[in-house]
Student: 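Take this structure first; my questions come after.
Naming: A, B, ... by sequence-line order, numbering from 1 per chain.
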4 protein chains.
Amino acid sequence: MTGIRDEQTAGTDRRRPGRPRDPVAEQRILDAAIDEFLERGPARFTIDGVARRAGVGKSTVYLRWPDRDALLVESVRARSRSIEDVDTGSLRGDLIRLTTNLLRFLRDPLGYATFRITVDAVANPAYEHIARELAQKHRHAARRVFDRARTRGDTIDEAAVDPVVECLYGAVTMQVLNHGLDMASASEVDLEAHCTSTVDLVLRLLEP
Amino acid sequence: MTGIRDEQTAGTDRRRPGRPRDPVAEQRILDAAIDEFLERGPARFTIDGVARRAGVGKSTVYLRWPDRDALLVESVRARSRSIEDVDTGSLRGDLIRLTTNLLRFLRDPLGYATFRITVDAVANPAYEHIARELAQKHRHAARRVFDRARTRGDTIDEAAVDPVVECLYGAVTMQVLNHGLDMASASEVDLEAHCTSTVDLVLRLLEP
Amino acid sequence: MTGIRDEQTAGTDRRRPGRPRDPVAEQRILDAAIDEFLERGPARFTIDGVARRAGVGKSTVYLRWPDRDALLVESVRARSRSIEDVDTGSLRGDLIRLTTNLLRFLRDPLGYATFRITVDAVANPAYEHIARELAQKHRHAARRVFDRARTRGDTIDEAAVDPVVECLYGAVTMQVLNHGLDMASASEVDLEAHCTSTVDLVLRLLEP
Amino acid sequence: MTGIRDEQTAGTDRRRPGRPRDPVAEQRILDAAIDEFLERGPARFTIDGVARRAGVGKSTVYLRWPDRDALLVESVRARSRSIEDVDTGSLRGDLIRLTTNLLRFLRDPLGYATFRITVDAVANPAYEHIARELAQKHRHAARRVFDRARTRGDTIDEAAVDPVVECLYGAVTMQVLNHGLDMASASEVDLEAHCTSTVDLVLRLLEP
DNA sequence: GCCTAACCGAGACGGTACGTCGGGTCTTTTG
DNA sequence: CAAAAGACCCGACGTACCGTCTCGGTTAGGC
């Protein structure tokens with residue numbers, strides 16, 4: 001999946017004329033952007049600050065990203081923990097793992113930033129791309145889990161699959177939204193326990 | 001619930017000395033703020049713009065709201081449809097109505113704005129108040145629905161109530177997030193149909 | 001003669017509501033601009049630098065002057081020695097004084113800057129105003145000198161007056177242009193001596 | 001007189017190894033520079049613009065001229081009408097021709113540009129070379145005129161020669177400065193008439 | 001017929017300044 | 001004597017050039 005970053009090579013792998021872009025600068029900018037983001041938050045995230053921190057001219061930044069928002073999205077996207085696949089051997093285990101992963105993701109500053117951007121995307125077309133990408137990732141992860149369950153011979157009420165996934169993801173999101181500030185110090189164990197109980201509850205809906 | 005707005009008269013109806021506040025200014029600012037918000041979105045919402053639009057000096061705004069975020073919150077809050085109580089005579093009917101209301105709320109620009117502010121509240125303490133208020137409203141609405149169900153003699157698995165509500169609200173939120181851009185033209189009937197099927201699904205979880 | 005500076009009160013001496021422009025800031029900007037100009041020259045003269053030096057925000061500068069050129073012109077104009085009237089009792093004395101003044105003016109960095117701006121004015125309309133003003137001043141000064149001569153009863157070839165003045169001013173300008181860099185250390189006495197000899201020469205042209 | 005342009009062959013006419021410079025590029029750059037200069041003026045004259053216009057890389061420009069100012073000077077110099085010698089058979093005729101030539105030169109955009117550069121040269125050492133060169137040309141032209149007059153047996157007040165030339169050149173310059181904008185449409189005949197009357201006036205100063 | 005060196009175009013690089021805009025404060029006049 | 005108006009300082013925005021640099025590729029003479 002390509003990023004929002006302006007692509008130097010458009011539709012061709014042929015080398016473009018002129019001095020090639022410095023790949024080191026690219027990484028330095030992204031690193032600086034992450035630091036800037038984590039230190040100052042999304043509102044006080046500044047192109048000037050990123051360029052200064054990266055030891056790079058502003059034009060070098062603007063050559064790659066069209067504006068502040070694009071850099072913000074890209075830098076967050078580049079670092080946010082991806083939703084890796086899970087395979088615990090059972091549908092229940094997979095769903096618990098999946099849900100816990102999402103909860104962990106949302107409680108991480110970068111993950112939550114990604115979520116915020118996703119939320120903004122409904123109103124801000126600049127963010128649409130990253131939003132779609134994230135939604136797709138989550139859908140794919142869920143699909144794989146259920147595909148494996150079917151392969152194992154589990155009997156599943158197919159009509160319930162999509163709504164159940166929606167409920168699970170939604171319940172986790174609600175958790176973070178409603179208790180985000182209070183559960184700041186919740187332990188990993190608590191997270192998993194909560195996810196387990198939620199999964200055990202909705203699992204009944206999948207029985208035919 | 002009072003607003004965040006600075007109050008001039010604190011506990012007394014006695015006329016305060018000095019020039020009285022322009023009673024019209026308040027409303028003109030709020031109206032202008034709403035317009036500004038709807039036209040330019042939350043990120044490009046500016047005090048300068050609101051003041052200009054309202055035909056008012058910036059300090060007139062700052063006299064009433066401490067900063068940009070406070071005005072943004074207040075103006076959105078003042079206009080966003082509140083979650084009114086529902087009573088259809090059955091738990092199922094109430095939940096369908098409740099869910100449909102939330103879906104409608106989130107699909108309205110101002111309602112969605114309120115949601116975005118709630119999301120930002122996790123990172124921005126300035127928004128904490130409105131976020132808590134909204135969450136509380138939703139919780140209360142749900143609680144009333146279930147209280148009435150108990151009064152009617154319905155047998156409910158009490159342990160499942162909170163998770164089920166969380167799932168319902170979460171599922172609706174996921175709907176808007178994932179299909180927000182695509183379902184722009186979905187009809188009212190579709191909304192209700194979708195909510196009905198979701199409610200019918202999770203309703204099984206409440207049976208003891 | 002008013003400057004190019006944006007006028008706050010347009011067509012009325014009535015005090016405007018709101019905080020008035022800080023007259024101190026005005027002067028601090030002009031002083032800083034002069035310093036900036038003298039230290040770095042017209043090409044490296046910078047609004048950022050002036051604002052920094054004056055301890056003033058850039059917007060405070062842009063509130064008064066529309067752009068870099070306007071501030072440059074105004075600051076130079078404000079300080080450049082004006083062509084004061086001279087009255088030595090004789091036409092010859094007056095012309096020597098007038099010519100020496102112009103020579104001194106042109107050899108002073110600010111005066112020369114004014115001259116450069118005048119030269120640029122032919123191509124750059126932004127400078128037209130100051131150019132016309134300077135030319136007019138010089139014309140008036142010469143006119144007064146000759147008016148007094150006529151009053152004293154001197155017989156003058158009227159047809160020669162304008163060309164002679166043109167020659168005198170032009171000769172001085174040529175001096176500065178051609179020897180500007182070399183005569184950096186010329187003394188005041190030298191200046192006057194040179195002007196005297198030129199005046200004595202062209203004075204013959206005024207005899208009827 | 002050689003230009004400021006970097007010379008490829010330093011002190012030897014021996015062919016240097018490597019690819020020789022493209023002689024066409026040289027001319028294309030100069031042409032583009034002239035166009036750029038005439039369209040945008042000296043202040044907004046940019047190397048980027050010249051290179052773009054000439055269809056040439058920036059390095060090709062910087063290989064030949066050390067910086068923006070040098071290219072500006074060279075391009076103007078290369079095109080500005082040179083002060084050719086004049087020989088009409090009489091001192092009066094020569095001076096009229098000389099003066100008219102200068103007036104025409106100054107009223108031409110490129111000629112005036114050269115003059116502006118000369119004026120800037122007093123403060124900007126980068127322009128010193130072209131300024132000296134122009135002054136020298138003018139001095140030589142005048143010297144030749146007077147040499148021929150002496151050869152023809154004219155009796156001339158030698159002490160008055162230099163000041164008179166200074167006055168003539170100066171008067172023409174003043175003309176352009178003061179009336180530059182207004183006399184835009186003056187005809188060739190008018191120019192010559194004005195020069196004639198000025199020459200006729202100052203000619204008296206040369207009689208011993 | 002390669003080798004080497006300088007040129008060519010293209011364009012990225014770190015900088016600096018531009019003129020605009022917005023946030024939140026401060027200083028006047030107004031009611 | 002507080003409200004209102006608007007100037008204040010600050011600093012980021014995105015753009016445009018500067019003069020330098022690094023590419024891939026071209027064009028000659030020397031070997």
Student: Check side-chain hydrogen bond (donor to acceptor under 3.5 Å, both in side chains) between Asp31(C) and all other residues, then give those that pass, not counting sequence neighbours.
Tutor: Gln27(C), Arg79(C)
Student: What closest approach, in Å, do Leu72(C) and Pro42(C) show between heavy atoms, and which atom pair accounts for it?
Tutor: CD1-O, 4.0 Å
Student: How would you list, by chain and number, every residue that makes a side-chain contact (heavy atoms from CB on, under 4.5 Å) with Ala33(D), sequence neighbours excluded?
Tutor: Phe45(D), Val50(D), Leu71(D), Ser75(D)
Student: Once you round it to whole Å, what is the distance between C1' of dG14(E) and CZ of Arg64(A)?
Tutor: 12 Å
Student: Report yes if a side-chain nitrogen or oxygen of Arg44(A) is closer than 4.0 Å to either non-bridging phosphate oxygen (OP1 or OP2) of dG23(E); otherwise report no.
Tutor: no
Student: Choosing from dC8(F), dT20(F), dC7(E), which nucleotide comes nearest the side chain of Tyr62(D)?
Tutor: dT20(F)
Student: Name the closest nucleotide to the Arg40(B) side chain, picking from dG22(E), dC18(F), dC18(E).
Tutor: dG22(E)
Student: Looking at residues at least two apart in the chain, or sitting in another chain, which of them share a salt bridge (Lys or Arg N to Asp or Glu O under 4.0 Å) with Asp48(B)?
Tutor: Lys58(B)
Student: Looking at five pairs on each end of the helix from dG1(E)-dC31(F) to dG31(E)-dC1(F), what is the angle between the two axes, given to 10 degrees?
Tutor: 10°
Student: Any N/O pairs under 3.5 Å between the protein and nucleotides 21-23 of chain F? List them or say none.
Tutor:
from    : atom 1 : to       : atom 2 : distance (Å)
dC21(F) : O2     : Arg19(A) : NH1    : 3.0

Student: From the options dC8(F), dA5(F), dG24(E), select the nucleotide whose nearest atom is closest to the side chain of Ala25(C).
Tutor: dC8(F)
Student: Identify, with sequence neighbours excluded, every residue that meets side-chain contact (heavy atoms from CB on, under 4.5 Å) alongside Thr60(A).
Tutor: Ala25(A), Ile29(A), Val56(A), Arg64(A)
Student: Using a cut-off of less than 4.0 Å, is there contact between a side-chain N or O of Arg28(A) and OP1 or OP2 of dC13(E)?
Tutor: no
Student: What nucleotide among dG23(E), dG14(E), dA7(F) has an atom nearest to a side-chain atom of Val56(A)?
Tutor: dG14(E)
Student: Which residues pass the side-chain contact (heavy atoms from CB on, under 4.5 Å) test with Asp35(D), sequence neighbours left out?
Tutor: Arg53(D)
Student: Tell me whether Arg40(C) contacts the main-chain N or O of Thr46(C) through its side chain, where contact means a donor paired with an acceptor under 3.5 Å.
Tutor: no
Student: Round to a whole Å and report the spacing from CG of Asp69(C) to P of dG19(E).
Tutor: 8 Å
Student: Just to verify, what does Asp69(B) make a side-chain contact (heavy atoms from CB on, under 4.5 Å) with, not counting sequence neighbours?
Tutor: Asp67(B), Asn124(B), Ala126(B), Tyr127(B)
Student: Which nucleotide in the set dA5(F), dA17(E), dG19(E) lies at the smallest distance from any side-chain heavy atom of Asp67(C)?
Tutor: dG19(E)
Student: Checking contacts here: which listed nucleotide (dG14(E), dC8(E), dC18(F)) is nearest the side-chain heavy atoms of Arg68(D)?
Tutor: dC18(F)
Student: Looking at residues at least two apart in the chain, or sitting in another chain, which of them share a side-chain hydrogen bond (donor to acceptor under 3.5 Å, both in side chains) with Arg116(B)?
Tutor: Asp120(A)
Student: Roughly, in whole Å, what's the span from CD1 in Ile29(D) to P in dG9(E)?
Tutor: 7 Å
